Participant: 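One structure coming up, written as structure tokens, with questions to follow.
These figures come from a predicted structure and were not determined experimentally. We name chains A, B, ... by the order of the sequence lines, and we start the count at 1 in each one.
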There are 2 protein chains.
Amino acid sequence: MSSRTGRPPKISLPEIVEAARRVVDTDGVAKLTMRRLAQELGSTPMAVYHHVRDKDELLVLLLDAYAEENMLKPELPDDPRERVVLAARAMHDSLVRVSWVVEVITADDLMSESALWYVENIVDGAMACGLTAEQAVHAYRAIWYYVAGEIIIHRKASRRRAADDRPTYRDRVFAELDGADYPRLAEVGARWGELTAQDTFETGLRALVNGLIT
Amino acid sequence: MSSRTGRPPKISLPEIVEAARRVVDTDGVAKLTMRRLAQELGSTPMAVYHHVRDKDELLVLLLDAYAEENMLKPELPDDPRERVVLAARAMHDSLVRVSWVVEVITADDLMSESALWYVENIVDGAMACGLTAEQAVHAYRAIWYYVAGEIIIHRKASRRRAADDRPTYRDRVFAELDGADYPRLAEVGARWGELTAQDTFETGLRALVNGLIT
DNA sequence: ACCTGAACACCGTTCAAGT
DNA sequence: ACCTGAACACCGTTCAAGT
């Protein structure tokens with residue numbers, strides 16, 4: 001009773017996803033267009049549309065494929081607070097490796113199924129520290145905002161740094177800074193660039209976790 | 001010695017920015033294209049290009065115009081820790097009102113000059129609590145990650161909610177959740193949607209500030 | 001100096017037809 | 001059932017010419 005009629009398929013969903021990965025890995029997510037993908041497959045854009053509803057669906061499929069093998073799941077310590085910190089750190093580090101993902105991810109507050117491991121461990125650690133289920137979920141969300149914000153801002157900032165030769169908008173603003181209006185910023189002044197270049201993700205994360213888990 | 005020759009201008013930079021604002025206010029930032037803008041001006045795309053280098057420059061100009069009049073600057077309390085919280089809250093609330101802005105903003109860790117007020121007050125409050133200049137800048141960045149992350153994720157989530165009729169990806173994931181692998185998430189279960197719909201920005205912010213300022 | 005029109009090199013997606 | 005080709009309705013930007 002199963003498929004008996006019709007033209008035999010030339011491309012399959014796994015092949016499509018694999019081709020999409022090749023494009024993203026070599027040329028970046030911005031270059032992933034339906035046309036470029038079809039070219040990579042030796043096919044036409046519309047052949048792809050027979051397997052996926054639209055480009056968004058393709059991106060979700062791609063996300064899952066990446067998640068499957070890029071998610072770091074380190075051994076977590078017994079101490080519940082430290083478990084929260086290290087789970088969040090692992091979530092962050094996994095996402096940074098495929099940072100184009102956040103542009104897709106932020107569509108929802110929960111990403112693919114593979115990310116549940118992080119959520120579970122963060123919520124569990126928080127509850128083991130004495131938070132209620134409700135508080136633990138709220139704590140997870142605060143952590144997710146922090147992690148996502150850090151990744152997005154860093155990604156954009158480093159893209160700028162790579163592309164731009166002239167001084168950044170920020171540099172100009174600081175150069176023209178009025179010390180009377182903004183004494184603290186004037187005090188920090190030229191060190192701003194240096195200070196914001198430092199990686200302070202984990203210290204910030206620990207502060208957040210400490211604040212969330214009294 | 002100044003301009004003597006040449007055709008008289010038909011459109012000015014202020015007019016361009018004003019027209020861009022009309023487009024963004026009525027139809028959203030996604031509809032702001034050079035062609036649509038030209039139409040709004042009763043002109044051609046290339047006339048605009050004579051006044052701005054490219055679309056990015058237009059967006060920065062637009063950002064400044066919005067910032068000038070949308071930035072909330074409430075009276076801040078004397079207590080330095082509370083000053084940090086309320087400055088961050090005001091920064092957040094100002095940005096939410098023009099949330100399309102974050103898509104442009106995140107290009108750098110500092111936005112327009114108008115945002116310096118927030119930065120100054122956050123850094124100042126942190127230093128008044130005993131942090132060094134260096135620590136205060138790092139604290140500001142952690143707060144900015146949190147604020148930016150919250151705005152971006154909320155913006156995207158609400159866009160989805162408006163557009164989509166079918167159940168979200170998240171709902172499907174939770175429905176198929178394996179309680180053995182993820183006991184805590186199974187425990188929270190159906191309440192997830194309800195819990196993540198709550199506005200917990202300020203409690204999260206206070207936790208972060210408390211963690212940053214011992 | 002400032003503006004116009006046509007064109008280039010792209011997009012995602014729909015539609016009608018082919019095998 | 002699956003694929004193709006042409007077309008639609010867009011983009012940002014460049015180029016050559018007009019006033």
Participant: Measure the spacing between NE2 of B/H92 and CG of B/L72 and express it to the nearest 0.5 Å.
Facilitator: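 Interatomic distance, B/H92 NE2 to B/L72 CG, rounded to 0.5 Å: 11.5 Å.
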Participant: So, are B/E69 and B/R21 salt-bridged, with charged N and O less than 4.0 Å apart?
Facilitator: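 So B/E69 pairs with B/R21 through a salt bridge.
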Participant: Check whether more than 12 heavy atoms from other residues, nucleotides or ligands sit under 6.0 Å from atom CD of A/E68, and answer yes or no.
Facilitator: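 No.
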Participant: Round to the nearest Å and state the distance from B/E15 atom CD to C/dC2 atom C1'.
Facilitator: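 After rounding, the gap between these two atoms is 14 Å.
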Participant: Do the rings of B/W192 and A/Y140 sit parallel, tilted or perpendicular, given the 30° and 60° boundaries?
Facilitator: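 It falls in the tilted class, 30° to 60°.
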Participant: May I have the distance from A/R7 (atom CZ) to D/dT4 (atom C1'), rounded to whole angstrom?
Facilitator: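 Roughly 7 Å, once rounded to whole Å.
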Participant: Provide the distance between the two P atoms, one in C/dC10 and one in D/dA9, to the nearest whole Å.
Facilitator: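 The same atom, P, in both gives a distance of 22 Å.
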Participant: May I ask you to test the B/D25-B/Y66 pair for a side-chain heavy-atom distance under 4.5 Å?
Facilitator: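 Of all side-chain heavy-atom pairs linking B/Y66 with B/D25, at least one is under 4.5 Å.
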Participant: Toss me the dot-bracket line for DNA chain C: Watson-Crick and G-U wobble, both under 3.5 Å, 5' to 3', using | for pairs to another strand and [ ] for crossers.
Facilitator: ||.|||||...|||||.||
Participant: For the side chain of B/K10, starting at C-beta, report the closest nucleotide among C/dT4, D/dC3, D/dT13.
Facilitator: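 Ranking C/dT4, D/dC3, D/dT13 by closest atom to the B/K10 side chain puts C/dT4 first.
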Participant: Got a sec? Which of residues 31-48 of chain A come in under 4.0 Å of DNA chain D, heavy atoms?
Facilitator: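 Residues of residues 31-48 of chain A that come under 4.0 Å of DNA chain D are, in numerical order, A/S43, A/T44, A/M46, A/A47.
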Participant: A/E57 has an atom CD; how far is it from atom P of C/dG12, in whole Å?
Facilitator: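 Answer to the nearest Å: 15 Å.
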Participant: Out of D/dC3, C/dT13, C/dC3, which has the shortest distance to the side chain of B/I11?
Facilitator: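 Shortest atom-to-atom distance from the side chain points to C/dC3.
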Participant: D/dA1 phosphate, OP1 or OP2: any side-chain N/O from A/H51 under 4.0 angstrom?
Facilitator: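 No, no such contact exists.
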Participant: Given the side-chain rings of A/W144 and A/Y118, with only the six-membered ring counted for Trp, is the space between their centroids under 6.0 Å?
Facilitator: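 When the ring centroids of A/W144 and A/Y118 are compared, they turn out to be at least 6.0 Å apart.
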Participant: Taking the C1' atom in each of C/dC11 and D/dC8, what is the distance between them to the nearest angstrom?
Facilitator: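 Those two atoms are separated by 12 Å.
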Participant: Does the gap between the ring centers of B/F201 and A/Y145 come in under 6.0 Å?
Facilitator: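 Ring centres of A/Y145 and B/F201 not closer than 6.0 Å.
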